[in-house]
Peer 1: 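Quick one: this structure, given as structure tokens, is what I'll be asking you about.
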Amino acid sequence: MSTPSPIPATAHAAATEYCGHDLVLTEVTDRRGSAVWKATGHKGAAALKVGGGAGAEITAREAAALAALKVDYFAGAGVTHGSAWLLTHWLEGPSTWDVFGPVRAGGAGREQALAAAADLCSAVAGLHMAGWVHADLQPSHGIHTDTGVRLIDLAWAWRPGWEQGTAFNGGMTHLLSPELAAAIITGDKPVAVTPAADVYALAGTIWTCTTGRWPLDYQAAGINPKACTPHELRQHIATGHVPVTAERPWPELQDVLLPVLLDDPANQPTAGELGKTLGP
Ligand SMILES: Nc1ncnc2c1ncn2[C@@H]1O[C@H](COP(=O)(O)OP(=O)(O)O)[C@@H](O)[C@H]1O
Ligand SMILES: [Mg+2]
């Protein structure tokens, strides 16, 4: 059994200050060097993320990115005794994956799903307009609140000149564009993550939310992804020869996404253009 990640006293105090003395902490996730708790009390709810060991540097960089971006859900951060913590307002609402649940279950809820996909594109477009890339877009990293989509897990968010950290390996491997995979396997740092690579991951995210499967059909290319190391998988992705999955549960939507997953990065739409194509 793994040992639960400890919560630094300063982080606990900040969560208590934010939520109230009747603070209750409920673990949401604990993986890859960082853990997230939902903190609740009579004053409000927050997400508390604590990174220890190698995760400390990553969480500290996420906190710095949220502060630099002045996101409206930032509530505090600190570094203490080899760990780093980040407190954010609890964002109430479904993830993009959640919004697409009824679509995956058989086709209902398409109007809401399409609107959510367009909203996600707008949020990414806003980040790009500010000169940043997210670099780890995923079905769970857009939260659809009453006041719009908030992008979370900005641990790898980057702009030219921003310290990237040596551990960066492209975020979610299954949503890596071939050109980003090719850049990562060289081992050269920093890896210049482009808005086009984010748009690939954005299209891949919406594709995954629609089909319930990652976009690339490794089996069709004779690859067993479970038998590959992440580095080997990136090598396969970098060839650009792994086909996209064949299922078409929602052809009209997938027809818009497919060229983004196949095209030359120089011809990618922007996140805003993709959103306009999908939107009402
Ligand atoms: N501010 C927040 N509001 C609501 N849920 C959050 C918030 N921050 C994190 N979460 C939840 O915690 C999960 C893990 O957070 P994330 O930042 O993605 O950490 P990890 O590095 O473990 O992937 C998210 O998928 C989401 O469910
Ligand atoms: Mg995450």
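Whatever order the structure lists them in is the order used to number ligands and atoms, beginning at 1. Only this structure's heavy atoms are used, side chains among them; waters, hydrogens and symmetry mates stay out.
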Peer 1: Just checking, any donor-acceptor pair under 3.5 angstrom between side chains of Asp98 and Ser95?
Peer 2: yes

Peer 1: When you look for heavy atoms under 4.0 Å from ligand 1, do you find them on the side chain of Thr29, its backbone, both, or neither?
Peer 2: side chain

Peer 1: Could you tell me whether ligand 1 has any atom less than 4.0 Å away from a heavy atom of Lys38?
Peer 2: no

Peer 1: State whether the shortest distance between N or O atoms of Ile143 and N or O atoms of ligand 1 falls below 3.5 angstrom.
Peer 2: no

Peer 1: If we only consider heavy atoms of Tyr73, is any one of them less than 4.0 Å away from an atom in ligand 1?
Peer 2: no

Peer 1: Any idea which part of Glu92 is under 4.0 Å from ligand 1, heavy-atom wise: side chain, backbone, both or neither?
Peer 2: neither

Peer 1: Any nitrogen or oxygen of His141, main chain or side chain, under 3.5 Å from a nitrogen or oxygen of ligand 1?
Peer 2: yes

Peer 1: When you check the side-chain N and O atoms of Thr245 and Trp214, is any donor under 3.5 Å from an acceptor?
Peer 2: no

Peer 1: Purely on distance, is any nitrogen or oxygen of Asp153 under 3.5 Å from one on ligand 1?
Peer 2: yes

Peer 1: Could you check whether His134 and Asp198, counting side-chain N and O atoms only, form a donor-acceptor pair closer than 3.5 Å?
Peer 2: no

Peer 1: Would you check if there is a donor-acceptor pair between the side chains of Trp85 and Thr59 at a distance under 3.5 Å?
Peer 2: no

Peer 1: Centres of the Tyr18 and His89 rings: under 6.0 Å?
Peer 2: yes

Peer 1: Of all the N, O or S atoms in His141, which one sits nearest to the Mg ion (ligand 2)?
Peer 2: NE2

Peer 1: Does Arg150 have a non-hydrogen atom less than 4.0 Å from ligand 1?
Peer 2: no

Peer 1: Are Arg104 and Trp97 in a cation-pi setup, meaning NZ or CZ lies under 6.0 angstrom from the ring centre and within 45 degrees of the ring axis?
Peer 2: yes

Peer 1: Identify, for atom 7 (C) of ligand 1, the protein heavy atom at the shortest distance, and state residue, atom and that distance.
Peer 2: Ala47 CB, 3.6 Å

Peer 1: For Glu62 and ligand 1, does the shortest N/O to N/O distance drop below 3.5 Å?
Peer 2: no

Peer 1: Tell me, which N, O or S atom in Asp153 is closest to the Mg ion (ligand 2)?
Peer 2: OD2

Peer 1: Between Thr96 and His144, do the side chains contain a donor N or O and an acceptor N or O under 3.5 Å apart?
Peer 2: yes

Peer 1: Are any side-chain N or O atoms of Lys43 and backbone N or O atoms of Glu17, one a donor and one an acceptor, separated by less than 3.5 Å?
Peer 2: yes

